[in-house]
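Each residue takes its place number in the sequence, starting with 1.
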Amino acid sequence: MGLGPSLKSRALRLLALREHSRAELVRKLSRFEKAPGELTALLDALAAKGLINEARVAESVMHRRADKLGALRLRAELQQKGLASDLIDASLERVRAGEFDRARQVLARRFGAAPATEASERARRARFLISRGFAADVVRRAIDASEDVEDGF
């Protein structure tokens, strides 16, 4: 009967791929735990060595995803990773100031420079930005601004 990789090697393999929160590791590794408390002890040891760091997880998500997503979607992704709400709030505070500019960039990458003249096209663009997690007021301003640029205002 093959034993397969140890719990520690599984955890280290996951951490080598990308930053993982403690909650993610529990979710992914709990089925491989052979004795009660084994996973908790392992995760405590990895955290003590600095291999599990919630702040690095948040920073990694923000680095990879902030240029494509709005604050609402970023918040959802960080919550899904099991991060503390104060860490999530602090991470989002840094990107909130540029939310409007990011929405305009996402809109331009997806739809180009052509303005949305018809109501159906404006609605399509708004749905796209909302699905990316941008707030409704930011979506409206970004769509209006993209039209103002084309009109020469």
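The ring-ring contact (aromatic ring centres under 6.0 Å, His included) test applied to F32 returns no partner, not counting sequence neighbours. Shown here are the salt bridge (Lys or Arg N to Asp or Glu O under 4.0 Å) partners of R65, two or more places apart in sequence or in another chain: E77. Legend: residues meeting salt bridge (Lys or Arg N to Asp or Glu O under 4.0 Å) with D89, ordered by chain and number and at least two apart, are R75. In this structure, R10 has no salt bridge (Lys or Arg N to Asp or Glu O under 4.0 Å) partners at least two apart in sequence or on a different chain. R96 is linked by a side-chain hydrogen bond (donor to acceptor under 3.5 Å, both in side chains) to nothing, counting only residues two or more places apart in sequence or in another chain. In this structure, the side-chain hydrogen bond (donor to acceptor under 3.5 Å, both in side chains) partners of S9, at least two apart in sequence or on a different chain, are S6.
Nearest heavy-atom pair across A58 and L78 is CA-CD2, 3.9 Å. For the residue pair A66 and V95, the shortest heavy atom distance occurs at CB-CG1, 4.1 Å. Counting all heavy atoms, side chain and backbone alike, L129 lies closest to A142 at CD1-CB, 4.3 Å. In terms of heavy atoms, L42 sits closest to A11 at CD2-CB, 4.0 Å. Nearest approach of V57 to S21, heavy atoms of both residues: CG2-N, 3.6 Å.
R13 places no side-chain N or O within donor-acceptor distance of the main-chain N or O of P5, the cut-off being under 3.5 Å. Between the side chain of E99 and the main chain of A71, a donor-acceptor pair closer than 3.5 Å is present.
Other residues sharing a hydrophobic cluster with L72 under the 4.5 Å side-chain heavy-atom criterion for ILVMFWY residues do not exist; the residue is a singleton.
Of the inter-residue distances, the one linking L46 atom CG with I52 atom CD1 reads 5.0 Å to the nearest 0.5 angstrom. Taken from CG in L14 to CG in L51, the straight-line distance is 12.5 Å, to the nearest 0.5 Å. Distance check: R64 CZ to L69 CG gives 10.5 Å after rounding to the nearest 0.5 Å. Between the CD1 atom in I88 and the CG atom in L74 there is a gap of 10.5 Å [rounded to 0.5 Å]. With rounding to the nearest 0.5 angstrom, the NZ atom of K34 is 7.5 Å from the CG atom of L7. For the atom pair CG (L15) and CD (E24), the distance works out to 9.5 Å, reported to the nearest 0.5 Å.
Atom NZ of K28 has more than 12 neighbouring heavy atoms from other residues, nucleotides or ligands inside a 6.0 Å radius. Shown here is R109, whose CZ atom has more than 12 heavy atoms of other residues, nucleotides or ligands within 6.0 Å.
A ring-ring contact (aromatic ring centres under 6.0 Å, His included) check over residues 36-86, counting only residues at least two apart or in different chains, returns nothing. Residue pairs meeting the side-chain hydrogen bond (donor to acceptor under 3.5 Å, both in side chains) criterion with at least one member in residues 35-58, sequence neighbours excluded: E19-R56, R22-D44. Residue pairs that meet the ring-ring contact (aromatic ring centres under 6.0 Å, His included) test with at least one member in residues 73-99, sequence neighbours left out, do not exist here. Residue pairs meeting the ring-ring contact (aromatic ring centres under 6.0 Å, His included) criterion with at least one member in residues 82-138, sequence neighbours excluded, are F111-F128. The side-chain hydrogen bond (donor to acceptor under 3.5 Å, both in side chains) pairs that include a residue from residues 124-133 are E121-R124, E121-R125, where partners are two or more places apart or lie in different chains.
For the pair R122 and D144, the salt-bridge criterion is met [side-chain N within less than 4.0 Å of a carboxylate O].
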### side-chain hydrogen bond (donor to acceptor under 3.5 Å, both in side chains) assessment of K81 paired with H20
CA-CA 8 Å; K81 293 187 178 302; H20 283 76; over 6 Å; no

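If you chain together hydrophobic residues whose side chains sit under 4.5 Å apart, L12 and L43 fall into the same group.
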